[in-house]
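This is a predicted model, so every value here is computed, not measured. What you see below is based on every heavy atom in this structure, not just the backbone, and it leaves out hydrogens, waters and symmetry mates.
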Amino acid sequence: MTTDNKVVLFADILGFAALTESCPLDVDRCGVGDRPLDYTFSEIFSETSKSSRNELARTFSEYHRTLRSILYYTRMWHHLTAITFSDSVFVATTHAHEAVNIAIDLLQTLMAQKIPARMGIAHGTFAAIRFRSDITPDSGDHAAQFLGTAVVRAHATETCGIKGLRILLHPSVMPLLNDVHRNSMSIKGRSHPLRYLECSEKERLNKAGVLHEIDYWHLTPTSQAEAWRGLQDMWNKAPLSEVEHYEVTAEAINRMRITQGHEPLKKLRRRTLP
């Protein structure tokens, strides 16, 4: 068994615990097929009638279907290890750009689907020791044994206290992002511009020392409109205790747009972008 240095992405759904408490558990509608684009007949039918699905089932199934699809196509170009459980996932990659691309694709798609998520990316040691699943008619024993500093740091980054739908960067990964030659050599398949920016001054005072986040706001006009509308819809429906997540997300997107040469948004609560 060898221990390798890897870049690890950790992602999970915001507000998933409260969503689980507020909705009945409909196991039949939470399932996801083995193939990346699998839909059962009932799922196709329910897509045309959103009221027939509870929000927990919709969120859980769409999250895992989107994640499965992105990882499926990423594996065509890169080696990776993905460990998924409940509403969370760890993805270990060799290069920083690979983890960043997965994170951007995932966050952009989930935002358009009105599924709030936050992510952390870090660099360090990583080892996948053992995975097993023993099932009997009346019990189950499932184990995912993995560890490393990259795992700890990625989780600490996502949970550092910074709010919103963001891709946060641990200080350990910053030297890799600044290594332009190393990242340019690793780009295969579909890739996004590797841009990052500073978090707001207040946010930089966090327990994990996170100072930067990925600029994920580079989409086609249609995808940008869908993602922005998704953000606004989630903002409108959010309980008062969750409103800050969407406010700071809009502020972060505004900073991303400014770095790309756009005029600052005077109003963040708007259905369309100029």
Give the intermediate values and the outcome of salt bridge (Lys or Arg N to Asp or Glu O under 4.0 Å) for residues E62 and R65.
CA-CA 5 Å; E62 289 299 326; R65 185 176 293 109; 3.1 Å; yes

*Assess whether salt bridge (Lys or Arg N to Asp or Glu O under 4.0 Å) is satisfied between R58 and E55, documenting all intermediate values.*
CA-CA 5 Å; R58 183 197 74 84; E55 188 61 19; 2.7 Å; yes

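Salt-bridge check for E203 with R166: passed, with a basic side-chain N closer than 4.0 Å to an acidic carboxylate O. Between R118 and E213 no salt bridge is recorded (no basic side-chain N to carboxylate O distance below 4.0 Å).
With values rounded to the nearest 0.5 angstrom, W217 atom CH2 is found 4.0 Å from I253 atom CD1. Taking OG1 from T159 and NE2 from H155, the interatomic distance works out to 4.5 Å, rounded to the nearest 0.5 Å. In this structure, OH in Y246 is found 11.5 Å from NZ in K163, a value given to the nearest 0.5 Å. To the nearest 0.5 Å, atom CG of residue L106 and atom CG of residue N101 are 12.0 Å apart.
Other residues, nucleotides and ligands place no more than 12 heavy atoms under 6.0 Å from the NE2 atom of H79.
At a threshold of 4.5 Å between non-hydrogen side-chain atoms, the residues I162 and C199 count as touching.
For the salt bridge (Lys or Arg N to Asp or Glu O under 4.0 Å) test, no residue two or more places apart in sequence or in another chain qualifies with R257.
Residue D12 comes nearest to Y63 through the heavy atom pair CA-OH, 4.1 Å, listed as atom of the first residue, atom of the second, then distance.
For S69 and T66, the side-chain atoms include no donor-acceptor pair closer than 3.5 Å.
Although no hydrogens or angles enter the test, the distance criterion places a donor-acceptor pair under 3.5 Å between the side chain of T93 and the main chain of H95.
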